[in-house]
There are 2 protein chains.
Amino acid sequence: MISQTEENYLKAIFKLSEKTDGSVSTNAIANEMKTAAASVTDMVKRLAKNKFINYQRYKGVTLSEKGDAIARKLIRKHRLWEVFLYDKLNFTWDEVHDMAEQLEHIQSDELVNRMDKYLNFPKFDPHGDPIPDKDGKFASRKQIPMSEYPLGQVGIIVGVREHSKPFLQYLEQLNLVLGTKFCVLESFEYDGSLKIKIGNTKVETITQKVANNLFVIEE
Amino acid sequence: MISQTEENYLKAIFKLSEKTDGSVSTNAIANEMKTAAASVTDMVKRLAKNKFINYQRYKGVTLSEKGDAIARKLIRKHRLWEVFLYDKLNFTWDEVHDMAEQLEHIQSDELVNRMDKYLNFPKFDPHGDPIPDKDGKFASRKQIPMSEYPLGQVGIIVGVREHSKPFLQYLEQLNLVLGTKFCVLESFEYDGSLKIKIGNTKVETITQKVANNLFVIEE
DNA sequence: ATAAATTTTTAGATTAATCTAAAAATTTAT
DNA sequence: ATAAATTTTTAGATTAATCTAAAAATTTAT
């Protein structure tokens, strides 16, 4: 049986692999996991012995097929639980992460699949991140940052790039939640800020940073 | 932060305290937890140091107020999760225990309370066991074993004394689930077995052992 | 009431997960 | 291409949770 700590390492390695294709350094893992590099070296040896990852001294690690499947399942569980907490228990999108972080370690395939069905097989979580299906496949969609969205055309907010609490709480407060329709009224060359219409009435100005961290699609 | 293992010890001590009022021996705990007695002695020292229990060498342990509250909260969480799995995800009553055993360790007061509300503040779990409220209080009801229920009178099955999978599966198969109405038609002095009507049509004979492990109330 | 039986604790080890400090290997800069 | 800087690993410790075997304390039986 794999431990929760081991699972968290696999998840971290998966996350880092996405950005930096090729192998992941022990230091990068240490940074992601907030542990000492020496601890990572130890753990990485154990994970390699159990065939969850491929590891060569001084060369970093890559996930094995087995490790990759586990990481994807963890993400699937995490995001499905987030949908549950958001849709059924009415938590806000900035509250669900910490609980899902615990719930993702619950071991029961049947539970995950029933939850999936109970929630109507959602494809995206409350932050707009794709939920892997039973086989670990992620749905994709042609989303772009709001900062690149054409002026005067209605679009829908479908995701966030940044997941920090302050950012999510800021969005909530402005009503820039998932599913919200918007229209970019004006773009200020000077600082990249945007004047946007939110829903049918509200008009707000947001900074380029915010616009960059919001993913949108056409209406 | 208390570990899952520590929580499991507190739960075991709580369970044993219920039966044998007075202090609980380390051996009894070892037996309940399926660990070596020496391991229990070590753990019990740690729990005492953290004020979860009262412990004197060779004299057994009792829960402190703090430990008692944690144990009750664990039972509350366990049973609420069982209701969720049973009511919302349609698991059977013999399937829910193992998952609830994991879910009871999820740390979030808000989650438990929202779940409680979501499930409509249930007072009993799918096995008929009472669910402690926010303050740790158990509901009670004047239930008796079916073996003591008067002949010819309709009653309702509300709980089980034994929780083993084989027993629960046997009951399921006979349709002796919670909420089922029954009537004892005949009682055989010889071996204590009962002929009962289940629902409106089915008639079955059950052994004294079965009748003893079913809790019932008047219709 | 004391010896025998039983229970409980202590002593000494082990494994998972972590750390700091030092050593070794690799990468970068001149 | 070699020295300096950086990254990674090794060595040696620590804590939680577990174990077996032996010692100590308590309980039971005569």
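Being a predicted model, the structure only gives us computed values, none of them experimental. Convention: sequence-line order gives letters A, B, ...; per-chain numbering from 1.
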Q: Return the value, rounded to whole Å, for the distance between atom CE of A/M43 and atom C1' of C/dT15.
A: 12 Å

Q | N/O (side chain, A/Y55) to phosphate O (OP1/OP2, D/dT8) under 4.0 Å | A | no

Q.
What is the separation between atom CG on B/N8 and atom C1' on D/dT18, rounded to the nearest whole Å?
A. 14 Å

Q) Does D/dT27 have a Watson-Crick or wobble partner in any strand here, with both distances under 3.5 angstrom, and which is it? A) C/dA4

(Q) Base, sugar-phosphate or nothing for A/T26? Non-hydrogen atoms, less than 4.0 Å. (A) sugar-phosphate

(Q) Nearest to the A/N27 side chain among C/dT10, C/dT20, D/dT7, which nucleotide is it? (A) D/dT7

Q: Could you please name the partner base of D/dC19, counting Watson-Crick and G-U wobble pairs only when both distances are under 3.5 Å?
A: C/dG12

Q: Ignoring backbone atoms, establish whether B/R57 has a side-chain N or O less than 4.0 Å from OP1 or OP2 of C/dT10.
A: yes

Q.
Can you tell me which residue among A/N213, A/L214, A/V177 is in a side chain to side chain contact (heavy atoms under 4.5 Å, CB included) with A/L171?
A. A/L214

Q: Report yes if a side-chain nitrogen or oxygen of A/S3 is closer than 4.0 Å to either non-bridging phosphate oxygen (OP1 or OP2) of C/dA16; otherwise report no.
A: no

Q) From the list C/dT7, C/dT9, C/dC19, which nucleotide is the closest neighbour of the side chain of A/D42? A) C/dC19

Q. Is B/Y9 near enough to D/dA16 that one of its side-chain N or O atoms lies under 4.0 angstrom from OP1 or OP2?
A. no

Q. Taking only side-chain nitrogens and oxygens of B/Y58, does any of them come within less than 4.0 Å of OP1 or OP2 of C/dT6?
A. no

Q | Positive for side chain to side chain contact (heavy atoms under 4.5 Å, CB included) with A/K73, one of A/L10, A/D68, A/D109 | A | A/D109

Q: Return the value, rounded to whole Å, for the distance between atom NZ of B/K49 and atom P of D/dA16.
A: 7 Å

Q: Using only side-chain N and O atoms of A/K45, determine if any of them is under 4.0 Å from OP1 or OP2 of D/dT9.
A: no

Q: Respond yes when some side-chain nitrogen or oxygen of A/S39 is under 4.0 Å from OP1 or OP2 of C/dC19, and no when none is.
A: yes

**Q.** Contact nearer the 5' end of DNA chain D, comparing B/K59 with A/A28
**A.** A/A28

Q: Step through it carefully: locate the ring centre of A/H163, locate the ring centre of A/H127, and say whether they are under 6.0 Å apart.
A: yes

Q: May I ask you to establish whether B/R141 and B/F124 are in a cation-pi arrangement, using a distance under 6.0 Å from NZ or CZ to the six-membered ring centre and at most 45° from the ring axis?
A: yes

Q. Is the Lys NZ or Arg CZ of B/K134 less than 6.0 Å from the centre of B/F121's six-membered ring, within 45° of the axis?
A. no

**Q.** A/I29 CD1 to C/dT18 P, straight-line distance once rounded to whole Å
**A.** 13 Å

Q) A/Q56 CD to C/dT26 P: how many Å, rounded? A) 11 Å

Q. Between B/M33 (CE) and D/dC19 (P), how many Å, whole number?
A. 10 Å

Q) Should the pair A/F84 and A/W81 be assigned to parallel (<30°), tilted (30 to 60°) or perpendicular (>60°) ring geometry? A) perpendicular

Q. Atom CG of A/L47 and atom P of C/dA16: how far apart are they, to the nearest Å?
A. 12 Å

Q: For A/T41, report the nucleic acid contact type (base, sugar-phosphate, nothing); a contact means any heavy atom under 4.0 Å.
A: base

